[in-house]
Amino acid sequence: MSRNGFTITQLVWRDRVLDEIAMPRGALRVTLGLGSGLTRRPRDQPGRLWALGDRGPNLKISQAVEDCGLDHLQGLAGVEGAKLMPRPDIGPTITELSLIGDELRFVRTLPLRAPSGRTISGLPLPGGGEAAMEPAYDLNGNLLAPDGGADTEGVVALADGGFWVADEYGPSLMRIDPHGVVTARWVPEGVTGDCDPPLSAILPAIGARRRLNRGFEALAISADETWLYVAFQSPLDHGDVRACSRHARIWKIDATSGAVAAQYVYPFDTPSSFARDRAAGEVQPRDLKISEAVCVGPDRLLVLERISQTSKLYLVDLAGPGAPPHHLDAETRPTLEELRPEEMAEAGIPFLTKVLLLSTDDTPEITADLEGVALMSDRELILVNDNDFGIEGVETRFYRVTFERPIAGEP
């Protein structure tokens, strides 16, 4: 469908069924997860895409009881944050896809693996906050022990055939070789756990103060692969302070050393401006999140901002110094999350400027829960939603968006 400045085409894709699990109220259909991240390398063959799935199929205990009829799990209803993982063997994967015309075709999957050959699960890090705050259970109600898995949410493809992947749990950045083997895993200082490969605590400790299930969500890389850009999904949670923030942090990281070269402050839109979400119910500042980032030029990113129903795609220029370096120190007070916009201005801390390219409030043919964006050319993007492995009946949908002018044109 044509819009002012761009056209949208829904691509042909059929979800691949991984399992149909017998439940008292009907089979639970599990499909291949593809929508947590989307990428391609500039020298990939035409039409090649790489799609990332997250930790694996999971349900809230209330869903398991009410929707699936698993009444024997009722006793877990009072366990805060508890999740059912009906197939804990289905974990993070990278899937190669081929776009031919308006049809996407499956090529292969790369399950993420440890150097030992063990498949990386979607279970938390041992000793991590998620192990206690979001415990996972199997279909029999048994607690699943954390084993150094990952909740993968962002991916970039590299010239050598490998990948960088962002994980929410640590949060962590994982270097993946062309065969899907995790060769390095960077976490914030102070994050520990028995993992394969061993954790490298080289990122600033403040990164561990992400909100539960709101860690590293979006990942981008410079064209020369020198810099990684990683965005926290939401404002950090410092626990001992009352944050009033409606902005998230973006780090520019040296892809060789892990050093944070700059930290930027991304301002969220007002919750009420997400019309489809507002129509569906009450929206709050804590509902706002960054879901994807793509590098489109030196220190220029596309950032996908959303709640659920509405997604907005912004062009963001990272030119400038960003926030002062002392705001990478976990002991700095007041924190960035405590500061109101007027206080940020008084302290000389700039917000990033944003230029809106697309809002799904204006494009009702695009579905909810967009999480993946891939740059196909200077005028073409592929978008994908996260269908959460299809366990609630949602299908994966891909869209081609073709712009009349270069996407990274001067704002």
Side-chain angles (χ1 to χ4, degrees), residues 171 188-190 203-212 214-218 220 227-254 259-274 277-278 282-293 295 297-307 310 312-357 359 410-411:
E189 295 175 0
L203 301 176
I206 197 170
R209 295 188 172 177
R210 78 284 179 268
R211 274 173 53 189
L212 183 66
R214 295 288 183 96
F216 289 157
E217 179 74 14
W227 302 106
L228 293 167
Y229 303 90
V230 61
F232 289 87
Q233 188 173 22
S234 297
L236 298 185
D237 182 357
H238 299 277
D240 59 337
V241 296
R242 182 176 179 178
C244 56
S245 173
R246 206 172 70 221
H247 43 262
R249 302 180 187 224
I250 297 177
W251 287 353
K252 179 180 179 179
I253 297 176
D254 187 308
V260 177
Q263 177 173 233
Y264 302 96
V265 181
Y266 179 92
F268 286 115
D269 290 355
T270 58
S272 61
S273 70
F274 293 77
D277 289 286
R278 189 180 69 243
E282 186 178 4
V283 288
Q284 301 289 340
R286 66 183 290 108
D287 298 326
L288 300 164
K289 48 194 158 186
I290 294 174
S291 285
E292 180 69 293
C295 190
D299 286 339
R300 304 198 84 189
L301 301 179
L302 297 182
V303 175
L304 185 67
E305 177 182 342
R306 70 181 183 93
I307 294 182
T310 299
K312 301 180 184 182
L313 190 65
Y314 281 102
L315 178 63
V316 178
D317 195 334
L318 303 185
H326 67 272
H327 280 288
L328 285 170
D329 186 340
E331 302 306 315
T332 294
R333 293 295 183 275
T335 67
L336 289 177
E337 286 69 30
E338 289 179 272
L339 295 173
R340 299 184 184 278
E342 59 273 18
E343 295 170 324
M344 299 269 285
E346 292 173 4
I349 302 172
F351 285 114
L352 292 173
T353 57
K354 312 189 304 184
V355 177
L356 183 65
L357 298 183
S359 170
E410 292 298 320

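Treat the numbers as computed from the prediction; the structure is a model and nothing was measured. Only heavy atoms go into these numbers, but all of them, side chains included; no hydrogens, no water, no symmetry mates.
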If you round to the nearest 0.5 Å, how far is CG of L318 from SG of C295?
8.0 Å
So, for A218 and A293, which heavy atoms are closest and what is the spacing to 0.1 Å?
CB-N, 3.5 Å
So which heavy atom on P188 is nearest to which on A208, and how close?
CG-N, 3.6 Å
Quick one: do I250 and V230 satisfy side chain to side chain contact (heavy atoms under 4.5 Å, CB included)? Show the steps, please.
CA-CA 6 Å; I250 297 177; V230 61; over 6 Å; no
L302 side, atom CG; L304 side, atom CG - distance, nearest 0.5 Å
9.5 Å
Quick one: side chain to side chain contact (heavy atoms under 4.5 Å, CB included) partners of P298, sequence neighbours excluded?
none
For V316 and Y266, work out which heavy atoms get closest and say how close.
CG2-CE1, 3.9 Å
Enclosure of E342 CD (heavy-atom neighbours >12, cutoff 6.0 Å)
yes
Test your reading of the model: is there a side-chain donor-acceptor pair from T335 to the backbone of E338, 3.5 Å cut-off?
yes
Report yes if the side chains of E217 and I290 come closer than 4.5 Å at any heavy-atom pair, otherwise no.
no
If we only count heavy atoms from C-beta on, is the S245 to L336 side-chain gap below 4.5 Å?
no
Atom CZ of F232 and atom CZ of R211: how far apart are they, to the nearest 0.5 Å?
13.0 Å
If you define the side chain from C-beta out and look only at heavy atoms, does anything of P271 sit under 4.5 Å from R246?
yes
Does the side chain of L203 reach to within under 4.5 Å of the side chain of I253, using non-hydrogen atoms?
yes
Judged by atom type as modelled, is there a donor-acceptor pair below 3.5 Å linking the side chain of R209 to the main-chain atoms of A330?
yes
In terms of heavy-atom contacts, K252 and D299 come closest through NZ-OD1, 3.2 Å
A side-chain contact here means heavy atoms from C-beta on lying under 4.5 Å apart; do W227 and D254 qualify?
yes
Table please: side-chain donor-acceptor pairs of residues 347-354 below 3.5 Å, with sequence neighbours left out.
| unit_1 | atom_1 | unit_2 | atom_2 | d |
| --- | --- | --- | --- | --- |
| K354 | NZ | P267 | O | 2.8 |
| K354 | NZ | D269 | OD1 | 2.7 |
| K354 | NZ | E305 | OE1 | 2.9 |

Between Y264 and P321, the two heavy atoms sitting closest are CE2-C, 4.5 Å
Distance, nearest 0.5 Å, that separates NE2 of H247 from OG of S234
12.0 Å
Could you give the distance from NE2 (H326) to OG1 (T332), rounded to the nearest 0.5 Å?
5.5 Å
If you count heavy atoms of other groups shown closer than 6.0 angstrom to CZ of R278, is the number above 12?
yes
Are the side chain of D277 and the backbone N or O of T310 linked by a donor-acceptor pair below 3.5 Å?
yes
Hey, does H238 have a side-chain heavy atom less than 4.5 Å from the side chain of I206?
yes
Where is the tightest heavy-atom contact between H327 and P334, given as atom of each residue plus distance?
CE1-O, 3.4 Å
Any side-chain heavy atom of V283 within less than 4.5 Å of one from F274?
no
State, yes or no, whether a side-chain contact exists between W251 and Q263 at a heavy-atom distance under 4.5 Å.
yes
